[in-house]
Amino acid sequence: MAANLGLFSDPSPPPPISGHVPSSRRRPSHDRISFAPDSSHSASSPSALGVPARHGSRAESERLAASQRDLPDEDARLVVVGDAPGTAEAAARLGLGVGPAGNAVRTGKYSVLSFLPRNLFEQFRRVAYVYFLVIAVLNQLPQLAVFGRGASLLPLAFVLFVTALKDAYEDFRRHRSDRLENNRSSLVLGPSPLPRFLPKPWKRIRVGDVVKLLADDPAPADMVLLSTSDPTGVAYVRTTNLDGESNLKSRYAKQETLARTPEDGFAGVIRCERPNRNIYGFHANLELRGGRRVSLGPSNIVLRGCELKNTAWAVGVVVYAGKDTKVMLNSSGAPSKRSRLETRMNRETLFLSVFLLAMCLIVCTLNGIWLVVHQNELELMQFFRKRDYSGGDEKNYNYYGIAMTVFIIFLMAVIVFQIMIPISLYISMELVRLGQAYFMTRDTNLYDESSNLRFQCRALNINEDLGQIKYIFSDKTGTLTENKMEFQCATVGGVDYSGGKAPSPIETGFYSIVVGDQFWRPKMLVKTDPELAKLLRNGGETEEGKCAREFFLALAACNTIVPLILETPDPKQKLIDYQGESPDEQALVYAAAAYGFVLVERTSGYIVIDVLGDRQRFDVLGLHEFDSDRKRMSVIIGCPDKTVKLYVKGADNSMFGVIDKSINLDIIRATETHLHNYSSLGLRTLVVGTRKLSRTEFEEWQSAYEKASTALLGRAGLLRTVATDIERNLHILGATGIEDKLQKGVPEAIESLRQAGIKVWVLTGDKQETAISIGYSCKLLTREMTQIIINSYSREACRKSLEDAMAMCNKLTELSPMAQSSTTAAGSGRIRLALIIDGNSLVYILETDLQEELFGIASKCDVVLCCRVAPLQKAGIVALVKHRTDDMTLAIGDGANDVSMIQMADVGIGISGQEGRQAVMASDFSMGQFRFLVPLLLVHGHWNYQRMGYMILYNFYKNAAFVLVLFWWFGHI
């Protein structure tokens, strides 16, 4: 059972790290730059300086990566805390929006009254059903009743009934699930004069109600936290039901709302944005008594479906309920796509319809000629008697004139020849697709044992398209790789420490701390470098030792990781499990723990780190979380020695722009060299820096941060500016290398797909060197390939690069026939090409006239590798191929940044990986591993297409033969 760590007293020294073997370490021969702290920036702690420490400032970080917008009146919602009726009245009075009357959700499509008309309308959206209905109606006319009237309705009625029955059962299951969900109960604060929390069904909860969650309770609606069991206002939630991520996330109540309990009558008004789908963004303000306003952000809201973990209780006010909650706004079914074979069949159906009409015209024309020739003989003919002599009076009996008779014959021919377009074909196709889906889901070759997940078919109508794929667009992280980060190496103070030993429990390859009579150690073992571990233990007051200690202290402090304590079979030993939103952060904190810097406790205002056996408390004075614009995160720490330090970590291209390069150039150059080497090995890299803050700097930051966090307009930009202003003139500490391992069977899968004639393109946000290294590891790139690299920073430079690349492609294509000795392309003698392009170049190429040139080059290449691309650029690359060729495209990914790419491709596949289930929810098919593409496409795809194609041809030829026999008979009677 997991539990939060409390404060420790009388810490015992940890057992020493054993198994470290000294080794020689040589610094790089080239010049190095050392980043020494600026003496002018040294300062004492805020408390010593008379500045109150802002323990809760980390709660205002607000996820700068999330979408934050201005909040004009027309886009606002007013919520009166604890007063649901007052919320509705205030909204009506001020003209602001408010949510629905209740929190009930409905995912069902139909009601009892709307089922029949709506279901029939949806079914008759298929043109073929309209055709069959017209035929059935014609057959009800006495003059055209070739078959029995009832018999002509039975096939269509059967299809409609079976489909309606299936839809009704599926909708019944949805309604049943809705009832279970809506009848769950939560504790809601009752009305005055004796307010207390009472159980209340979810469907009766309203916007403005105050709800209390207990440990492991799910949130019934989107609610802003007011208070928690933690005195600093922190609460931990698990968002598995929302996005599939199992790591704990921190949410915070504002310090202003912690002082008063809801039972005492908390009063306030929340002015928030209208309901929207952005689960990572929230913009609101809380107005307290006296007119004071407090800003609210994504870190202050708990969304519906999130479970409260490691927190005894939490109280919040509902701001979005029912269908307005973010989880409901993001819920949608599988994407609707039509298979290429069905599209082709529709064209063939139109052709057969024209052929059918032509046969009917021929029949009625010949019949008209015959009537004209024999019009004088019609009185005595059985079916064309003009007069009725039985009653004495002469009258027309069964004759309508030549024109009308010809028209009736035309309609009769349509009914007789109607099976040229068989209704049974559509029934057969659905049954075949259902069987194909069963075979795919039950195939053990598509079963992932590690995650216990089977293949899922979310779109039955495109099964056969799997056998026609020509292009595969793949994400890298989590799709080709496992997205399970492992710390491999580090460069500290310009020295490369990459000689880590594999962790071994026998050699005590992990670090443990002593708490009372128990030993606590990290859950994950990390390989350590003996020389670096020795430097940390014995470095003392040397510059190298101080730099190393600062480096690992930064790794342990600059993060949002939550340590959890897990029980083990041994009562004297416990495991520390680090939970966080980023696998990179988890790997870095585990690495710091392996070297003796163990994060043991985190609250909203401070953290406790065991520094080589000395348990120390560090006040968290401020936190700027990672965002896609800055590409770094920072934390302001109040240290035990009364100093205030800023620790920053981020991408190299972002960090080197804020590092002070006026000193220690040799360390900077050495670090850059080591980073290049790490990237060449396929490692993910982060640069770490620090500097001391003076009293003046901290006060200026504190004032600017307070002003930005409470701004009503442009809050995101102001917070970003505050972070940028403080993150400057850093002293470089070092950099890390983290390995994201390839999934099992990826190289073999890519080689098999290449041999099948399928082109694989990789679209990733990683650095170019990292992407190229992974390309070689997974056999996407080979040493025999000629690489064409395009890295440009202007439109004209892109145009010139594309022209040069096209010229090179044409030249190499001309030389290909002479390259008979080449070992590429299985001895074909063709020179194989690989295009490598970065996201900066794509900015100037996509959506411009340069797209055609890029497509021309890419179509000549065997491999395309796109680096540093944004999600919309991924979709743009897919559209580049999809809209310019008839070849089928497939996109595969595992994260939210792959959704646009998956939806753009003809076939989208989601990987159930470490980045949540957003990709799976948007996909047509889902599976657990990239290597499953081989049996899916080359086995199931092949047989799906072949069997479906043969069945369609068989039906068409069978019916055509039957109809042509009838047509021949019509011509000889």
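A quick note: this is a predicted structure, and the numbers were derived from the prediction, not measured. Hydrogens, waters and symmetry mates play no part in the numbers below; they use all other heavy atoms, side chains included.
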Contacts under 3.5 angstrom, residues 930-940 side chains, donor-acceptor by atom type, not counting sequence neighbours:
residue: R931; atom: NH1; partner: K744; partner atom: O; Å: 3.4
residue: H940; atom: NE2; partner: D443; partner atom: OD2; Å: 2.6

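Enclosure of atom CZ in R884 by more than 12 non-hydrogen atoms of other residues, nucleotides or ligands within 6.0 angstrom is indicated. At most 12 heavy atoms of other shown residues, nucleotides or ligands fall within 6.0 angstrom of atom CG in D886. Other residues, nucleotides and ligands place more than 12 heavy atoms under 6.0 Å from the NZ atom of K958.
Inspection of the D496 and Y678 side chains reveals an N or O donor paired with an N or O acceptor under 3.5 Å. With hydrogens and angles left out, the side-chain atoms of Y447 and N452 include a donor and acceptor closer than 3.5 Å. Judged by distance alone, the side chains of S801 and D804 never bring a donor and an acceptor atom under 3.5 Å apart.
Between L812 and K860 the shortest side-chain heavy-atom distance does not fall below 4.5 Å.
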R344 vs E348, salt bridge (charged side-chain N to carboxylate O under 4.0 Å, His left out): CA-CA, chis, key distance, verdict = CA-CA 6 Å; R344 174 69 181 273; E348 298 298 329; 3.2 Å; yes

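Partner E464 forms a side-chain hydrogen bond (donor to acceptor under 3.5 Å, both in side chains) with one of R340, R433, Q436, Q946 and no other, that one being R433.
Salt-bridge check for D475 with K874: passed, with a basic side-chain N closer than 4.0 Å to an acidic carboxylate O.
Of the possible polar contacts, none joining the S679 side chain to the H676 backbone as a donor-acceptor pair under 3.5 Å is found. Using a distance-only test at 3.5 Å, with no hydrogens or angles considered, no donor-acceptor pair links the side chain of T885 to the main chain of V881. A donor-acceptor pair is defined here as one N or O able to donate and one able to accept, closer than 3.5 Å; such a pair exists between the side chain of S841 and the backbone of S792.
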